[in-house]
There are 2 protein chains.
Amino acid sequence: MTRERPPDRRVRRTKQRLDDALESLIIEKGYDKTTVQDLIDRADVGRSTFYAHYETKDDLLASWGDQLAAEMELQMAQQQTEAGSIMPSLALFRHMAEAHHVYKAMIGSRGGDIATAMVHSSLLRHATSGLERRPDAGNKTTIPIEVRAEFLTGSLFSLLTWWVDNDMPYPPESMDEMYQELTRTA
Amino acid sequence: MTRERPPDRRVRRTKQRLDDALESLIIEKGYDKTTVQDLIDRADVGRSTFYAHYETKDDLLASWGDQLAAEMELQMAQQQTEAGSIMPSLALFRHMAEAHHVYKAMIGSRGGDIATAMVHSSLLRHATSGLERRPDAGNKTTIPIEVRAEFLTGSLFSLLTWWVDNDMPYPPESMDEMYQELTRTA
DNA sequence: TCTGTATAGAACATCATGTCTGATACCGAA
DNA sequence: TTCGGTATCAGACATGATGTTCTATACAGA
């Protein structure tokens, strides 16, 4: 068991700066158009310093995205225990509402894919385990769980992105209700 | 009314070569990693020739994707008139099965986004008009058509991509049935 | 205070993109 | 078949982003 040493304060500062720079640049000009040069300028960090911590721009994005995902997981875990719903959809709608600047900026840019892929597996896990745990009262469908899980995940995603992209025309609670009703069959 | 002149035979040949090169390269190494240099090497075409016809790599992809979309539209239009279903899902599953090499190669690469975006609007149109035309027998939902259309489109997409990405474990007809059942509510 | 490590700054090689040139080959219409 | 218009080729070139490497300096933690 090798003891984890807390990172140097300088390292923490540098990473924090880069994270902040990334977020503001994503909102400002989108992930695609953001260059490494932009990042280190905004973060006021040396070029070699950047590459000392991250291999590529995508690497930074992934690391930054992990933090968002962690927050998300927290909120999802809460709803999971509360309601009997399979997907933690309400938590997701609320979470996206909070950070909507970022998500809207990422939709359509390549950063969206990376973020999407990161969250997708996590959501799919929720769906699968939720379906397995479910009493399945009066549900005589023969559709494999795999397919149903993918359906639940994909349709939720589509509503989430549509909603944010259209500047959230309905409150999170309404979106959640609609999603619940639309996926009654699954 | 300016009469449309058919393009020079040389132009046709060049574009055909580039289209072929694009398709084979997408399958071979993915869209992202394909460079303009790769394209013109494979197509055996001069660099300046490429830029005489397309502004960027994405431009070529879009033009090439239009052809796929056109084929798709054809198959979709047929099913539309036949069955009473809202979405031409069966036609889509069959279409993707035919060109699955290409689609699977594009899933996850940035090319996927561009292609996805192209098809998305077309599918959304189908969904919207289908919902408007529908008799709505015994359907007392208050969910706005916009949301339902997005739901139908998004969930269909997710099943399509999952299906192709997992090497089509079920026949197109089964996938279509499952999709129909899962979206009974909408 | 002292040692190890992170950082700055800048130079550098590499690679892909997109532009531009003039010479050549080809097309389609007369 | 000829001829004018145009597509193509080959290559050079400018540009901009990426990632590497170096040394001197600043700082953290013990």
Side-chain angles (χ1 to χ4, degrees), chain A residues 2-26 28-65 105-106 109-111 113-114, chain B residues 2-26 28-65 105-106 109-111 113-114:
Chain A
T2 58
R3 175 165 292 281
E4 280 280 330
R5 200 182 311 176
D8 197 312
R9 180 190 303 166
R10 292 169 292 183
V11 176
R12 289 199 304 269
R13 261 190 35 217
T14 299
K15 290 200 170 187
Q16 186 60 51
R17 280 181 163 180
L18 284 171
D19 282 344
D20 292 347
L22 178 63
E23 178 164 334
S24 70
L25 281 168
I26 281 179
E28 201 168 302
K29 56 194 293 191
Y31 178 75
D32 302 352
K33 312 228 172 209
T34 298
T35 137
V36 174
Q37 195 63 50
D38 293 334
L39 284 166
I40 64 182
D41 286 349
R42 176 70 56 96
D44 195 24
V45 148
R47 184 169 202 73
S48 43
T49 305
F50 176 90
Y51 285 106
H53 294 291
Y54 303 100
E55 295 202 344
T56 70
K57 196 179 65 168
D58 290 0
D59 201 10
L60 171 60
L61 177 67
S63 146
W64 173 76
M106 283 202 299
S109 78
R110 199 169 62 82
D113 300 352
I114 301 183
Chain B
T2 57
R3 175 165 292 279
E4 282 280 330
R5 201 182 310 176
D8 196 311
R9 181 190 303 166
R10 292 169 292 183
V11 176
R12 288 198 307 269
R13 261 190 34 217
T14 298
K15 290 200 170 186
Q16 185 61 49
R17 280 179 161 182
L18 285 171
D19 282 345
D20 293 347
L22 178 63
E23 177 164 335
S24 69
L25 281 168
I26 281 180
E28 200 169 302
K29 56 193 293 190
Y31 177 75
D32 301 351
K33 312 227 172 210
T34 298
T35 135
V36 174
Q37 195 62 49
D38 293 334
L39 283 165
I40 64 183
D41 285 348
R42 176 72 56 96
D44 196 23
V45 148
R47 182 168 203 75
S48 41
T49 305
F50 176 90
Y51 285 105
H53 294 291
Y54 304 99
E55 296 202 345
T56 70
K57 196 178 66 167
D58 289 0
D59 201 9
L60 171 61
L61 177 67
S63 147
W64 173 76
M106 282 202 298
S109 79
R110 199 170 60 82
D113 300 350
I114 301 181

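Given the structure is predicted, the values throughout are model-derived calculations rather than measurements. First the proteins, then the strands, lettered A, B, ... as listed; each starts at 1.
Checking D:dT18, D:dC9, D:dA7 against the side-chain heavy atoms of B:Arg10 singles out D:dA7 as nearest. Side chain of A:Tyr51, nearest nucleotide from C:dG18, D:dT18, C:dA6: D:dT18. Side chain of A:Asp8, nearest nucleotide from C:dG28, D:dT8, D:dA28: D:dA28.
Between A:Glu28 and A:Arg42 the shortest side-chain heavy-atom distance falls below 4.5 Å.
Protein atom NZ of B:Lys15 is 11 Å distant from nucleotide atom P of D:dA7, rounded to whole Å. Rounded to whole Å, the distance from OH on A:Tyr31 to P on D:dA17 is 15 Å. Whole-Å rounding puts the B:Gln37 CD to D:dA10 P distance at 12 Å. Distance CZ (B:Arg12) to P (C:dC26): 16 Å, rounded to an integer number of Å. D:dG16 atom P lies 13 Å from atom CG of A:Asp38, rounded to whole Å. Taking atom CZ of residue B:Arg9 and atom P of nucleotide C:dA25, one finds them 18 Å apart after rounding to whole Å. Per the geometry, CG belonging to B:Asp32 stands 17 Å off C1' belonging to D:dT18, to the nearest Å. Taking atom CG of B:Asp59 as the reference point, atom P of C:dT17 lies 14 Å away to the nearest angstrom.
Residue whose closest nucleotide on DNA chain D sits further toward the 5' end, between A:Ser48 and A:Thr35: A:Thr35. For B:Arg17 and A:Thr56, each mapped to the nucleotide of DNA chain D holding its nearest heavy atom, the one lying further toward the 5' end belongs to B:Arg17. If you find the closest nucleotide of DNA chain C to A:Thr49 and to B:Arg13, the one lying nearer the 5' end belongs to A:Thr49.
Note on residues 9-20 of chain B: pairs passing salt bridge (Lys or Arg N to Asp or Glu O under 4.0 Å), not counting sequence neighbours, are B:Asp8-B:Arg10.
In this model, the phosphate group of D:dT8 is approached by a side-chain N or O of B:His53 to a distance below 4.0 Å at OP1 or OP2.
If you check every strand for non-hydrogen atoms under 4.0 Å, A:Asp44 touches sugar and phosphate atoms only.
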* To do: Could you check B:Leu61 against B:Tyr54 for side chain to side chain contact (heavy atoms under 4.5 Å, CB included), going step by step and ending with a plain yes or no?
  => CA-CA 10 Å; B:Leu61 177 67; B:Tyr54 304 99; over 6 Å; no
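Judged by atom type and distance alone, B:Arg47 reaches the base of C:dG18 through a side-chain donor-acceptor pair under 3.5 Å.
Counting only N and O atoms by type, the side chains of A:Tyr31 and A:Asp58 include a donor and acceptor under 3.5 Å apart.
Heavy atoms from other residues, nucleotides or ligands lying under 6.0 Å from NZ of A:Lys33 number 12 at most.
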